[in-house]
Amino acid sequence: MADKVVIIGGGPGGYEAALVAAQLGAQVTVVDTDGIGGSAVLTDCVPSKTLIATAELMTDVAGAAELGVNFRDHEGDAATAITVDLARVNQRVMQLAADQSADITRRLAKEDVTVVQGRGRLDGPGRVVVDGDRTLKADAVLVATGAAPRTLPTARPDGERILTWEQVYDLTEVPTELIVVGSGVTGAEFASAYLALGIPVTLVSSRDRVLPGEDADASLVLEEVSKRRGMKVLSQSRMESVTRDGDVVTVALTDGRRIQGSHCILALGSVPNTGDLGLEEAGVVLTDGGFVNVDRVSRTSARGVYAAGDCTGVLMLASVAAMQGRIAMWHFLGDKVSPLDLKQVSSNVFTAPEIATVGWSQKAVDAGEIAAEVVMLPLSGNARAKMQGVHDGFVKLFCRPGTGIIVGGVVVGPRASELIHPVSVAVAESLTADQLAQAFTVYPSMSGSVAEAARRLHRV
Ligand SMILES: Cc1cc2nc3c(=O)[nH]c(=O)nc-3n(C[C@H](O)[C@H](O)[C@H](O)COP(=O)(O)OP(=O)(O)OC[C@H]3O[C@@H](n4cnc5c(N)ncnc54)[C@H](O)[C@@H]3O)c2cc1C
């Protein structure tokens, strides 16, 4: 008889696991409250990157004059402003997210995965109760319930002017002064996107630089470019409260300063959706922050209960959630499986310019956690970059001193998310800098800089 798998949560952690389990012959049910695709598709990753696609176009348009393109109005006069129809942008964003969710739902149906709409809760390790009245028996349960935006009692979203990242797509009018609180990946991405859309943005950062978790050289480039484009970046500025009086939003800082704007986006991190799921009663150990404790094959402390994605807090990325979910199913259903290796994860910050990273970081090298040689090559010397009017960004590579094996890299520039791939392949396959350098690149191309950086790591 087929193994029964019940998955709680239909985001990438859940639906990717469902596809693998179905492929391996299991009888699979996905229980989800908000819609297949999860926050990744409906409120977070897909909507934000769709908004950013419009922002990217605006960034290109802003740089068009340098490439000899002028915009004229219908009377032939120089256009003084190109504006964004935010209501239309948001409509496109929400439609695309809904379509993507429908696509995934259809794919699950095609693979004979049953989708049950409702709230799932563990009733011991092998049983899931849906909405308190329907019980599903399982040989294995995968918990993939995701996470939700963190809010504070002193900064409560109202859905109109004080917004979480899930609420921004309801905006129909363009903010006249946007304040973004939080300079991690989400805060930086929204600040960069809305600035490109022509909205004055103030970014409030409690740290001394934006993107404190990213490569310091990369953060520096982003901060410099953002300020040059008109963003106000308030570093070492800790938010105490966010309040609204009519059309005015006030962000009070702990040092007594007060900043006013028309709208505020709170990007204060995420909290795991692990409350009232019956986890601890089923023997699942949670961390102090409420995340599900998992090992590298996604096992929890309870036999037959696996967990994947943001609810584990391992690395809050859709790609990692999906891989954790697949690994769980490969493990449970006895297929070939390699434990999750975070050093192989490539990730990207979708700001302008983008920042993509993979493998070991500069911070780890500086702290002596790994011995590595480093080369950093500005994109400004690249022929294609010159042609395209790209002035900012770089390629950085790390390799082992003796063997020359590539162990990490950072790319900052337009479409860095695409440019990082050869570096990811090198890291995954333990290629040497010489091997990376010897592969042909197109001339002229940005990827030429990846090969050139690798060439500079050559030792005789
Ligand atoms: C603004 C933003 C942008 C992002 N952009 C990117 C990006 O570009 N690339 C990237 O890799 N990552 C990105 N991420 C991260 C990515 O969205 C998450 O890592 C990903 O959503 C995690 O997937 P998941 O399956 O763990 O959870 P989710 O996608 O949150 O899905 C969980 C699902 O479980 C459901 N659920 C919760 N509790 C229950 C219950 N009790 N019963 C039934 N169902 C339940 C929820 O309704 C939801 O549908 C972004 C995050 C944010 C906030």
Side-chain angles (χ1 to χ4, degrees), residues 6-18 29-53 93 97 100-101 104-105 115-123 128-132 134 136 141-150 163-169 180 182 184-193 265-279 291-292 294 298 307-326 328 345-351 354-356 417:
V6 175
I7 298 172
I8 312 179
Y15 74 74
E16 288 287 348
T29 306
V30 177
V31 182
D32 188 87
T33 40
D34 295 343
I36 293 296
S39 312
V41 170
L42 295 168
T43 55
D44 298 359
C45 181
V46 169
S48 66
K49 262 78 270 183
T50 311
L51 177 82
I52 287 168
V93 166
Q100 181 71 3
S101 171
I104 303 166
T105 308
V115 174
V116 175
Q117 213 220 327
R119 190 172 191 284
R121 190 178 190 283
L122 276 174
D123 180 23
V128 172
V129 176
V130 184
D131 290 338
R134 179 172 169 195
L136 304 169
V141 175
L142 175 73
V143 179
T145 48
R150 188 167 81 95
L163 307 161
T164 67
W165 61 72
E166 297 184 340
Q167 295 168 331
V168 295
Y169 310 104
V180 177
V185 174
T186 299
E189 286 188 352
F190 279 113
S192 175
I265 299 177
L266 302 170
L268 309 171
S270 304
V271 287
N273 295 328
T274 51
D276 193 29
L277 278 182
L279 290 170
F291 294 97
V292 181
V294 284
S298 310
D310 283 5
C311 68
T312 69
V314 168
L315 186 56
M316 290 196 169
L317 287 175
S319 52
V320 172
M323 189 55 82
Q324 284 180 292
R326 292 186 203 111
V345 176
S346 54
S347 62
N348 189 59
V349 187
F350 290 82
T351 41
E354 293 185 6
I355 299 172
S417 48

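Computation of the quantities below employed the complete heavy-atom set of this structure, encompassing side-chain atoms and omitting hydrogens, waters and symmetry-equivalent molecules. Just so it is clear, the model here is predicted, and its values are computed rather than measured. Counting starts at 1 for both ligands and their atoms, following the listed order.
- Of the candidates Val314, Val41, Leu51, Thr33, it is Thr33 that places a heavy atom closest to atom 45 (C) of ligand 1.
- When Pro47, Cys45, Gly37 are checked for heavy-atom proximity to atom 7 (C) of ligand 1, Cys45 turns out nearest.
- By the criterion of a heavy-atom distance under 4.0 Å, the side chain of Leu277, and not its backbone, is placed next to ligand 1.
- Between atom 27 (O) of ligand 1 and the options Gly13, Gly38, Gly146, Gly269, the minimum heavy-atom separation is to Gly146.
- Heavy-atom distances between Ser347 and ligand 1 stay at or above 4.0 Å for every pair.
- Within ligand 1, counting atoms from 1 as listed, the ones closer than 4.0 Å to a heavy atom of Val31 are 43 (C), 44 (N).
- Residues Arg119 and Asp276 form a side-chain contact, since some pair of their non-hydrogen atoms from C-beta on lies under 4.5 Å apart.
- Among Pro12, Gly11, Gly309, Gly14, the residue whose heavy atom lies closest to atom 23 (O) of ligand 1 is Pro12.
- Between Leu142 and Ile8, every side-chain heavy-atom pair lies at or beyond the 4.5 Å cut-off.
- Contacts between Ile8 and ligand 1, counted as non-hydrogen atom pairs separated by less than 4.0 Å, involve the side chain only.
- For atom 49 (O) of ligand 1, the nearest non-hydrogen atom from the set Asp131, Asp34, Leu122, Asp32 comes from Asp32.
- At least one N or O atom of Lys49, backbone or side chain, sits closer than 3.5 Å to an N or O atom of ligand 1.
- Residue Gly118 approaches ligand 1 through these ligand atoms, each under 4.0 Å from one of its heavy atoms: 42 (N), 43 (C).
- Distances between N or O atoms of Leu317 and those of ligand 1 include at least one value under 3.5 Å.
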